[in-house]
Amino acid sequence: MRYRPARAAAIMLALVVVPGCQSFDQLEANDPTVDEEEVFAAGEPGETEHLGNLHHVLAHRGDYEPEVVAAALTSVAAIGDPSSVALVAALQDDTDEEIRWHVAAALQRLGGSEARTVLARMATSDLSELVRSEAAQ
Amino acid sequence: MRTKSRPLALALSIALLASAIGLRGATAEEAKAASKAKAAAPLNDPLAVMHAKTDAVGRPVVTAFAAYDHAAIRKAIAALEARAGTDGARDLDPYVIAQGYAEIATIRRFYEKYAEDDMPAALGKLDADEIAEKGITQADAFAQKHAKHSDIWRVRGALKASQIRGMTSGFTKGPEALEGISTALRLDPKNGWALFAQGRMHYHNPAIAGGDKDLALKELRSVAKSIDNWRIQHYLSLTYDAKDMLPQAWFWAQKASRSAPKNPEVALHLRAVREKREEG
């Protein structure tokens, strides 16, 4: 087989570049088996490209693992779009402490009157001291 | 910046190959059902069993570790060793002693690596290798009588891992530690602490030696679903921190701190994550 320097260079480049690429295939397909890192990576401040998919995760909480929902809460908080508040607030009574803590953390970042009302309620009546403490900040 | 490595080329090749031979991926519904079924199967907690089956003499080995109370653990080990061969000895004692030595080794390693100036004098006087060897002797004695006991192999693996100091010992002790974990999981695939040990190994090891923080995260998450324990919460926080998932790291650091408020390793990490948050 003849050695082709250009081809070898292309392969080398692919080996270096391709593993660093970010795929959002599962998130974009609203696939419930999406992993939390993919969901977390979708949350860049002001980047609303994946906001619809993140809202889908929040609206279908029962279909996803708690860590994926927690990552979606982190991502919508990082994006900072006020349209997320209602979906985030809807999870304030979730059975999972981790999710409620991320709800409080997300509402802190999203802000607004609805967020403040929910945070005030969580700060006084949530079952978890950790959640109450986060909501009270 | 949020980044995530993903070998797209490999995934693409597999997808093309699968499509060429007529395979299809699971539908979202099937995947969801499989995922839920997996999540519904809880793991075993051998340390809870140890706590229930040992007596007041051995119990501090299980309870004092959260506070890194090495004196209480060493006292319990001494009492258990003193009753060996007497009528008061219990069948479980060598397993409890081996676990105790593994804990002493862990505590000593923490001070050695992260807080040498605070190393308690009594702990500093102990020889790290000797602690491990004493534990391994007890583990071997127990395993000889209970060949199908899964968790003793996890403990043995932890003791071997505690002997790793640098690359050279890693080459010899690393495979022995791994063998302990593998044997434990072969004997009981639902051994939660063996799965934790595997996740911990994937967290600590460099990639060249099988380290894989993505895998560590999945394993630790899986264990945390079944076992509510500060050490699992602490490692979850460490792993999230290593992956720059700071909100998650902060949540789990606080969880671990509330579960083990007197643990110096947990406190040190909590401070580190708090500082990172404040900087960010």
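Throughout, protein chains are lettered first and strands after them, A, B, ... in sequence-line order, and every chain is numbered starting at 1. Below, all heavy atoms of this structure are taken into account, side chains as well, without hydrogens, waters or symmetry copies.
- Residue contact with chain B, scored on non-hydrogen atoms closer than 4.5 Å, is absent for A/S128.
- Using a 4.5 Å cut-off on side-chain heavy atoms (C-beta onward), B/K255 and A/W101 make no contact.
- Within the 4.5 Å cutoff, the side chain of A/E98 has heavy atoms near those of the B/W252 side chain.
- How far CG of A/D35 is from CG of B/D214: 7.5 Å, rounded to the nearest 0.5 Å.
- Between B/F251 and A/L130, the shortest heavy-atom contact is CE1-CD2, 3.6 Å.
- Side chains of B/Y240 and A/E36: a donor-acceptor N/O pair is present below 3.5 angstrom, by distance only.
- Other residues, nucleotides and ligands contribute only 12 or fewer heavy atoms inside 6.0 Å of the CD atom of B/E179.
- Between A/E65 and B/K225, at least one side-chain nitrogen of the basic residue sits less than 4.0 Å from a carboxylate oxygen of the acidic one, meeting the salt-bridge criterion.
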Taking it one step at a time, do B/Q248 and A/E67 satisfy side chain to side chain contact (heavy atoms under 4.5 Å, CB included)?
-> CA-CA 9 Å; B/Q248 283 80 352; A/E67 59 267 31; over 6 Å; no
### Task
List the steps and the verdict of side chain to side chain contact (heavy atoms under 4.5 Å, CB included) for B/K218 and A/E37.
CA-CA 11 Å; B/K218 284 183 173 54; A/E37 293 155 75; 4.0 Å; yes
